[in-house]
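Have a look at the structure below before the remarks.
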Amino acid sequence: MAEVQSARYALTDLQDHHVLVWTASHPRMRFVPVKSKERQAACMLMTVRERLVSVKSQLSNAFRSYAAEFGIVGPAGRQNVAALIKRVLEDESLPEMARDLFRLQADEYAAVQARLAKIEAKLMKWHREDDVSRRIATIPGVGPIGSSMLSMKAPPPETFRSGRDFAAWLGLTPKDHSTGGRQRLGGITKAGDSILRSTLIVGATALLRHVRKGRHKPTPWLASLLERKPPKLVAVALANKFARIAWRLMISGGVYNQPVAAMPT
């Protein structure tokens, strides 16, 4: 019995070996290039920022939750956390133990905020010194964070045949469930780097918010899409366009020239 089991394992290993050899020799297979130490350090800068942003969100949510248990509720939004903390710490009707714990959490929140400010200062310095990141940031809705992430994390643009391939690598294209000549598209594939993809979608959502408030005039393509499709789908489509434009800027140089119709009012 043991010999049969061993033979099965050996056959499975051989099959896996053949699959790996075939995959490695496939003409369309892409290999991720090794990052330099400087580029790896830049990626580390971004991941440290992501961790601190997550911790900051956890602390603010916990503070809001504890304050609500004492009947103190503040408006939503990151910009309103500081006012809520000040309001809670100045409330003398709270028990002394609760006030001590709130002060402890407020100190922890302030410490994380200070560390995050230092990391973001380093990130902005890196962004200003990186030519690719500066050029990608000229795309409306991308911003320094998104452009830095694209410059740091994306493989060389020559790896992709087109901007469409680059957007597909980011996971910003729908899954294809078509069959029998009938086209059926699902949700986005969610391939590639999830943080990079979500950053582009958040940037697209922010731009759409400006469009809805009349602060930004949409292009005819975007205006037509907003009339026909729900906002979340439009945000993903706009993030896909961001990715295609970014690939073109990386491959050919230059900056993004806004169409006249897309200029802010």
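If you're wondering where the values come from, they're calculated on a predicted model, not measured in any experiment.
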In one Ile/Leu/Val/Met/Phe/Trp/Tyr side-chain cluster, 4.5 Å: [X], [Y]:
X: Ile195; Y: Leu123; answer: yes
X: Val73; Y: Leu94; answer: no
X: Val112; Y: Leu45; answer: yes
X: Leu196; Y: Val48; answer: yes
X: Val211; Y: Val202; answer: no

Gap between atom [atom2] of [Y] and atom [atom1] of [X] - 0.5 Å precision:
X: Asp100; Y: Glu96; atom1: CG; atom2: CD; answer: 5.0 Å
X: Leu170; Y: Asp165; atom1: CG; atom2: CG; answer: 11.5 Å
X: Gln113; Y: Lys56; atom1: CD; atom2: NZ; answer: 4.5 Å
X: Asp91; Y: Lys86; atom1: CG; atom2: NZ; answer: 12.0 Å
X: Met152; Y: Met149; atom1: CE; atom2: CE; answer: 8.5 Å
X: Arg164; Y: Arg161; atom1: CZ; atom2: CZ; answer: 10.5 Å

Restricting to non-hydrogen atoms, name the atom on [X] and the atom on [Y] that form the minimum distance, rounded to 0.1 Å.
X: Ala106; Y: Phe63; value: N-CE1, 4.4 Å
X: Ala42; Y: Trp126; value: CB-NE1, 3.6 Å
X: Ser133; Y: Asp130; value: N-OD2, 2.8 Å

Would you say that [X] contacts [Y] through its side chain, given a criterion of any heavy-atom pair below 4.5 Å between the two side chains?
X: Leu208; Y: Leu222; result: yes
X: Asn80; Y: Arg64; result: yes
X: His216; Y: Leu207; result: yes
X: Arg135; Y: Val132; result: yes
X: Arg49; Y: Val53; result: yes
X: Ser147; Y: His127; result: yes
X: Leu200; Y: Arg197; result: no
X: Leu84; Y: Val81; result: no

Query raised in the report: Just wondering, are more than 12 heavy atoms of other shown residues or ligands nearer than 6.0 Å to CE in Met124?
Result: yes

Query raised in the report: Can Glu50 and Lys153 be said to form a salt bridge (charged side-chain N to carboxylate O under 4.0 Å, His left out), step by step?
Result: CA-CA 14 Å; Glu50 292 165 9; Lys153 295 188 172 185; 3.5 Å; yes

Report task. Could you tell me whether a side-chain N or O of Thr205 sits under 3.5 Å from a main-chain N or O of Ile201, the two making a donor and an acceptor? Result -> yes

Query raised in the report: Are the side chain of Ser224 and the backbone N or O of Trp221 linked by a donor-acceptor pair below 3.5 Å?
Result: no

Query - Partner set under side-chain hydrogen bond (donor to acceptor under 3.5 Å, both in side chains) for Arg78, not counting sequence neighbours - result: none

Query raised in the report: When you look at Ser148 and Ile145, which way does the side-chain contact (heavy atoms from CB on, under 4.5 Å) test go after all the steps?
Result: CA-CA 5 Å; Ser148 297; Ile145 301 297; 5.9 Å; no

Report task. Would you check, one step at a time, whether the test salt bridge (charged side-chain N to carboxylate O under 4.0 Å, His left out) holds for Glu90 with Arg103? Result -> CA-CA 10 Å; Glu90 292 177 351; Arg103 276 193 291 268; over 6 Å; no

Report task. Evaluate side-chain contact (heavy atoms from CB on, under 4.5 Å) for Thr47 paired with Arg51, printing each intermediate quantity in order. Result -> CA-CA 6 Å; Thr47 54; Arg51 182 179 62 81; over 6 Å; no

Let me have the donor-acceptor pairs involving side chains of residues 233-251, under 3.5 Å, with sequence neighbours excluded, atom names and distances please.
from   : atom 1 : to     : atom 2 : distance (Å)
Asn240 : OD1    : Arg244 : NE     : 2.9
Asn240 : ND2    : Leu172 : O      : 2.9
Trp247 : NE1    : Pro157 : O      : 3.0

Query raised in the report: Quick one: do Arg87 and Glu92 make a salt bridge, cutoff under 4.0 Å?
Result: no

Requested in this report: Given side-chain contact (heavy atoms from CB on, under 4.5 Å), test Val255 with Asn257 step by step and report yes or no.
Outcome: CA-CA 6 Å; Val255 297; Asn257 295 317; 4.2 Å; yes

Query raised in the report: Can you name the ring pair (Phe, Tyr, Trp, His ring centres under 6.0 Å) partners of Tyr109, sequence neighbours left out?
Result: none

Requested in this report: Before giving the answer on side-chain contact (heavy atoms from CB on, under 4.5 Å), spell out for Thr159 and Phe166 the whole-Å C-alpha distance, their side-chain angles and the decisive distance to 0.1 Å.
Outcome: CA-CA 9 Å; Thr159 307; Phe166 182 61; over 6 Å; no

